Amino acid sequence: MKEFYEKVYKIVSKIPYGKVTTYGLIGEYIGVKSSARMVGYAMNHSHQLNIPAHRVVNRKGLLTGKHHFATPSLMKELLENEGLEVENDQIVNFKNHLWDPKSLDNKNLSSI
DNA sequence: AATTTGACCGAGG
DNA sequence: TCCTCGGCCAAAT
C-alpha cells in the first residue's frame, strides 16, 4: 500500500505556490475519504522528501503539523514567505487560500 | 500478538 | 467554536 503514500506526495507536490489544502481533501481525492489520518501519517514519513508539507493543514487551517518540521516556526515562516498570513498557528483567510486537488480534474474536465 | 497512538474528519449537542 | 464519539489504517511499543 505504498501507492497510497506516493499519491499523497504527488498531490502535495502539486499544491500551487501560495496555496494550502487539507488532509481531508487529499484523502478524498485519493479515494480514502474517511482516512485523513493516513494522509497525515504519510506526511510524517515525508521528512526527507522535497514536498511542500507546510501547505498542508487540517480543516480549520490550523498548523497542526508544525511540530514535525525542523523548527516549529519554520512552517509559519514558509507560509508567510509565500504570501499567506499566519496568526496564532492558524492561517488567516484560510478558505481564501484553500486549494482543492479536484481543481486538477476540473482543468481536464473543462472540455466537457 | 494485542493495545495504543496519530500532522484527521464529520456529526451531534 | 468547543466537546465527545466513531471511523479509518499503519506504525510503534
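This one's a predicted model, so the numbers in the text were calculated from it and none came from an experiment. Letters A, B, ... are given to chains in the order of the sequence lines, protein chains preceding strands, and every chain is numbered from 1.
- Within the nucleic acid shown, N44(A) comes within 4.0 Å of at least one base atom, counting heavy atoms only.
- Listed here is the closest heavy atom pair of E80(A) and V86(A): OE2-O, 3.7 Å.
- Among the heavy atoms of the strands, none lies under 4.0 Å from A42(A).
- Hydrophobic cluster membership differs between Y29(A) and V20(A), with clusters built from Ile, Leu, Val, Met, Phe, Trp and Tyr side chains linked at under 4.5 angstrom.
- To the nearest 0.5 Å, the span separating CD1 on I11(A) from OG1 on T21(A) amounts to 8.5 Å.
- L63(A) contributes atom CG, which lies 12.5 Å from atom CD of E87(A) (distance to the nearest 0.5 angstrom).
- Note that NZ of K19(A) and CG of D100(A) are 11.0 Å apart. Values are rounded to the nearest 0.5 Å.
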Quick test: give all pairs of protein nitrogen or oxygen and nucleotides 6-8 of chain C nitrogen or oxygen below 3.5 Å, distance rounded to 0.1 Å.
unit_1	atom_1	unit_2	atom_2	d
dG7(C)	O6	R37(A)	NH1	3.0
dC8(C)	O3'	S35(A)	OG	3.4
dC8(C)	N3	R37(A)	NH1	3.4

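- Comparing the P positions of dA1(B) and dC8(C) gives a spacing of 23 Å, expressed to the nearest Å.
- Atoms CD and NZ, on E28(A) and K102(A) in that order, are 3.5 Å from each other to the nearest 0.5 Å.
- Residues K60(A) and Y41(A) each lie close to DNA chain C; by heavy-atom proximity, the contact nearer the 5' end of the strand is made by K60(A).
- Across all their heavy atoms, L84(A) and G18(A) have their closest contact at CD1-O, 3.2 Å.
- With a heavy-atom cut-off of 4.0 Å to chain A, the contacted part of DNA chain B has its first and last nucleotide at dG6(B) to dG10(B).
- Contact check for I51(A) versus M43(A): side-chain heavy atoms found under the 4.5 Å cut-off.
- In this structure, the NE2 atom of H45(A) is 12 Å from the C1' atom of dC9(C), given to the nearest Å.
- Contact between the side-chain N/O atoms of Y5(A) and the OP1/OP2 oxygens of dC9(C) is not found at any separation under 4.0 Å.
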